[in-house]
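Down below is the structure, laid out as structure tokens.
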Amino acid sequence: MPHDPDPPPAKKFKPGSVFFRLDKNKPGMLLPRKGNATTPIDVQRKQLPIYQAKPQLLNQLRQLHNAILIGETGSGKTTQIPQYLYEAGIGRQGIIAITQPRRVAAISLAGRVAEEKRTQLGKLVGYTVRFEDVTSSETKMKFMTDGMLLREAIGDPLLLRYTVVVLDEAHERTVHTDVLFGVVKTAQRRRRELNKIPLKVIVMSATMDVDLFSEYFNKSPVLYLEGRQHPIQIYYTKQPQSDYLQAALVSIFQIHQEAPPSHDILVFMTGQEEIEALARTCRDIAKHLPDGCGPMVVIPLYASLPPAQQLRVFQPAPKGCRKVILSTNIAETSVTISGIKYVIDTGMVKAKRFNPDSGLEVLAVQRVSKAQAWQRAGRAGREDSGSCYRLYTEQEFNSLIPMTVPEIQRCNLAGVMLQLMALGIQDVINFDFMSKPSPEAVRSAVEHLELLGAVERKEGQVSLTALGKKMATCCPQPHMTILLSPDYSCSEEILSIVSLLSVDTVLYNPPARREEVLAARKKFTSSEGDHMTLLNIYRAFKKVSGNKEWCRENFVNSRNMGLVKEVQAQLKEICLKLNLKLESCGADTGNVRRCLAHGMFVNAAELQPDGSYLALDTHQSVAIHPSSVLFQAKPAYVVFNELLHTSRCYMRDLCLVDADWLLDAAPEYFGRKLHLTKS
DNA sequence: GAGCACTGC
């Protein structure tokens with residue numbers, strides 16, 4: 001880097017401990033991870049590290065009802081274990097289910113195993129994810145998302161179709177996996193009590209920290225598998241860095257000047273804004289590098305990028321040019337990029353936390369856990385040895401929490417509680433979670449459901465009402481708008497809106513093209529709020545039959561929009577099953593807003609004389625999120641979809657409503673709330 | 001004046 005007065009932190013790096021030691025006695029560890037196309041599949045299978053352990057593994061798995069399997073990346077556990085079980089005739093009376101947190105993983109793993117078994121996908125080996133079921137009566141090995149198995153459990157709590165359930169990627173501790181832990185444990189016990197065919201549960205994790213898993217599943221044995229991770233050199237800074245972005249910048253150019261250009265760099269950062277900013281800075285600096293320093297291509301990576309832009313991270317840089325990827329934690333698990341030689345870890349992550357007292361989601365930048373830091377480092381050693389530069393000291397690393405707090409302990413539990421009750425679990429308040437959520441969070445969720453009329457209390461027990469049952473079938477996050485929509489003759493519109501809000505975002509906002517975005521969006525903007533604006537965009541999208549060019553011109557994420565269409569079709573089907581009338585209110589959008597006011601009355605806010613807003617439920621001071629079309633407006637009453645605490649407490653996705661509608665929706669509730677406001 | 005990452009009906 002030119003003209004930098006301070007010695008760059010990369011110079012201050014000292015070698016840390018090598019996490020993955022290379023064992024020279026095991027030449028298998030240096031085999032390329034991807035199968036060689038010229039090597040026959042059965043030979044490839046035998047070259048996997050797990051193959052050596054096959055006899056002992058089968059011996060154990062045959063006897064055990066529960067097992068915890070630890071295997072590093074590349075051990076082959078996910079593709080081989082189901083086949084080993086099947087080939088050995090274990091669990092032949094039923095289906096072997098293998099769950100994954102992500103749908104792409106479920107689909108591609110099924111494809112790989114079908115190929116290894118030389119069968120057509122959907123026959124012996126299949127997969128089930130939302131919108132797609134590629135299985136048949138012949139299917140014995142079924143890859144599925146964990147959410148999908150949960151859904152199936154509502155109709156069949158004992159999971160009788162399955163003889164083995166393999167919970168893969170358990171270390172990620174998603175809400176779905178955590179609920180599944182309890183569901184399979186209960187099913188296992190009940191099946192034993194009822195003398196049904198036993199259920200075998202195998203928990204697979206990539207991290208060694210599995211005491212909790214073992215303890216939870218009746219002290220089940222832990223089996224270790226060797227992986228194929230290459231050695232990674234870890235470097236720490238000598239001094240704590242007050243500005244991790246500056247440290248990242250300096251480190252990028254330090255590596256850029258010293259390392260061969262074919263070595264790509266992956267930088268873990270917290271969010272879109274800082275990624276785009278650093279990308280700009282890097283490109284500027286790269287233009288003025290001294291001679292002998294090769295060119296560099298800087299590629300941002302985060303989830304809300306349109307698909308075409310995300311694909312850029314997989315394109316190899318031109319010869320002699322270095323690829324620098326600036327990414328959020330999306331590259332920790334979901335996106336695997338080959339050719340990464342250097343990882344720069346800022347040690348920070350943006351994550352959601354949930355405060356049950358305020359009912360507030362807080363999105364904040366925080367330190368990563370140790371497990372996360374190792375996960376990030378591991379991204380440098382997938383094909384060959386690599387290095388990870390941690391922009392914090394070894395001492396700082398040692399003070400990190402060992403594991404990321406499981407999601408179940410930092411989310412709104414209303415949906416989980418609704419689902420558990422739909423599963424027929426009697427005592428949801430004391431459900432046997434592996435990591436118990438706080439009693440306050442459970443209480444707050446049950447109260448929320450009570451307010452919606454989804455549950456009722458009898459003698460200290462809570463149970464699902466008829467409305468609650470319908471809610472559980474139509475929406476994972478409990479709300480009433482869909483069920484109320486026939487009363488307002490606007491179910492078509494409400495289904496569209498719910499679908500639009502169920503995906504991350506259908507809008508694409510490249511910061512560099514702000515003016516263009518605003519101009520393009522103007523023609524859809526409704527003074528009635530974000531729901532109506534989204535509806536306008538959706539209607540226009542359908543009018544052009546989802547034309548990709550139209551999406552690009554209007555800064556609409558076509559992939560997510562396609563998803564919206566699928567969700568809407570699915571919701572329609574459910575509505576038909578529930579005998580809900582499907583009709584459109586046409587141009588009378590007032591009905592849609594009345595329905596939203598009624599369905600979301602708990603999320604109402606009132607304009608205060610000083611121009612701020614007050615959330616009527618919690619009496620918190622809130623503000624309109626700058627992304628809202630109502631940001632500049634000052635409507636007297638709004639309902640909002642969610643509260644998000646970042647720099648302030650923001651309402652997101654707002655709809656303009658009348659005070660009268662709110663009062664009509666819940667006279668008693670608002671009588672109380674509005675009274676409180678005045679006092 | 002601002003948007004970590006997944007998933008399911």
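In what follows, chains carry the letters A, B, and so on, assigned in the order in which the sequence lines appear, proteins first and then strands, with residues in each chain numbered from 1. The basis for the numbers below is simple: all heavy atoms, side chains too, and nothing from hydrogens, waters or symmetry mates.
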### Query
How many Å lie between NZ on A:Lys469 and C1' on B:dC9, as a whole number?
18 Å

### Query
Contact class for A:Arg514 vs. all strands (heavy atom < 4.0 Å): base, sugar-phosphate, or nothing?
base

### Task
Specify the residues of residues 564-578 of chain A, ordered by number, for which at least one heavy atom lies under 4.0 angstrom from an atom of DNA chain B.
A:Val567, A:Gln570, A:Leu571, A:Ile574

### Task
Can you figure out which of B:dG1, B:dA2, B:dT7 approaches the side chain of A:Ser647 most closely?
B:dA2

### Message
According to side-chain hydrogen bond (donor to acceptor under 3.5 Å, both in side chains), who are the partners of A:Tyr650, at least two apart in sequence or on a separate chain?
### Response
none

### Query
Where is the tightest heavy-atom contact between A:Ser584 and A:Glu493, given as atom of each residue plus distance?
OG-OE2, 2.6 Å

### Query
Using a heavy-atom distance cut-off of less than 4.0 Å, which residues of residues 99-111 of chain A contact DNA chain B?
A:Pro101, A:Arg102, A:Arg103

### Task
Would you indicate what A:Glu407 reaches in the nucleic acid, counting non-hydrogen atoms under 4.0 angstrom: base, sugar-phosphate, or nothing?
base

### Query
Does the side chain of A:Ser304 get closer than 4.0 angstrom to OP1 or OP2 of B:dG3 through an N or O atom?
no

### Task
If a pair satisfies side-chain hydrogen bond (donor to acceptor under 3.5 Å, both in side chains) and one of its residues is in residues 621-632 of chain A, list it, with sequence neighbours excluded.
A:Asp530-A:Ser628, A:His625-A:Ser627

### Message
From CZ of A:Phe268 over to P of B:dA5, roughly how many Å is that when rounded to an integer?
### Response
12 Å

### Task
Using the salt bridge (Lys or Arg N to Asp or Glu O under 4.0 Å) rule, collect all pairs that involve residues 100-109 of chain A, keeping only residues at least two apart or in two chains.
A:Arg102-A:Glu172, A:Arg103-A:Glu132

### Task
Quick one: label A:Glu172 by what it contacts on the DNA or RNA (base, sugar-phosphate, nothing), any heavy atom closer than 4.0 Å.
nothing

### A:Glu273 side-chain proximity, nearest of B:dG8, B:dA5, B:dG3
B:dG3

## Note on the structure
To the nearest angstrom, the CD-C1' distance between A:Gln419 and B:dG8 comes to 7 Å

### Query
Taking for each residue the nucleotide of DNA chain B with the nearest heavy atom, is it A:Thr333 or A:Ile482 whose nucleotide lies nearer the 5' end?
A:Thr333

### Message
In whole Å, I'd like the distance from the CD1 atom of A:Ile408 to the C1' atom of B:dT7.
### Response
13 Å

### Task
Mind checking A:Asp504 for me? I need base, sugar-phosphate or nothing, with any heavy atom below 4.0 Å counting as a touch.
nothing

### Task
Can you figure out which of B:dT7, B:dA2, B:dA5 approaches the side chain of A:Ser334 most closely?
B:dA5

Donor-acceptor pairs under 3.5 angstrom involving side-chain atoms of residues 638-649 of chain A: please list them, not counting sequence neighbours.
from, atom 1, to, atom 2, distance (Å)
A:Asn641, OD1, A:His531, NE2, 2.7
A:Glu642, OE2, A:Arg652, NE, 3.0
A:Glu642, OE2, A:Arg652, NH2, 2.7

### Task
Indicate, with a heavy-atom threshold strictly under 4.0 Å, whether A:Thr646 touches base, sugar-phosphate, or nothing.
sugar-phosphate

### Query
Roughly how many Å is it from CZ in A:Arg130 to P in B:dC9, rounded to a whole number?
6 Å

### Message
Give me each pair satisfying salt bridge (Lys or Arg N to Asp or Glu O under 4.0 Å) with a member in residues 557-572 of chain A, each pair once, sequence neighbours excluded.
### Response
A:Glu492-A:Lys572

### Query
Say you draw a straight line from CG of A:Leu580 to NZ of A:Lys470; how long is it, rounded to the nearest 0.5 Å?
6.0 Å

#### Entry: Test side-chain contact (heavy atoms from CB on, under 4.5 Å) applied to A:Asp487 - qualifying residues, sequence neighbours left out
A:Leu484

### Message
Can you work out whether A:Thr174 or A:Arg151 has the more 5'-proximal nearest nucleotide on DNA chain B?
### Response
A:Thr174

#### Entry: Lys/Arg N to Asp/Glu carboxylate O, A:Glu396 vs A:Arg367, below 4.0 Å
yes

### Task
Quick one: which residue pairs count as a salt bridge (Lys or Arg N to Asp or Glu O under 4.0 Å) with a foot in residues 144-162 of chain A, not counting sequence neighbours?
A:Lys142-A:Glu152, A:Glu152-A:Arg161

#### Entry: Separation of atom CD1 in A:Ile275 from atom C1' in B:dA5, rounded to whole Å
12 Å

### Message
Distance check needed: B:dA2 C1' versus A:Tyr302 OH, whole Å only.
### Response
13 Å

### Task
Rounded off to whole Å, could you give me the CG-to-C1' distance for the A:Leu518 and B:dG1 pair?
12 Å

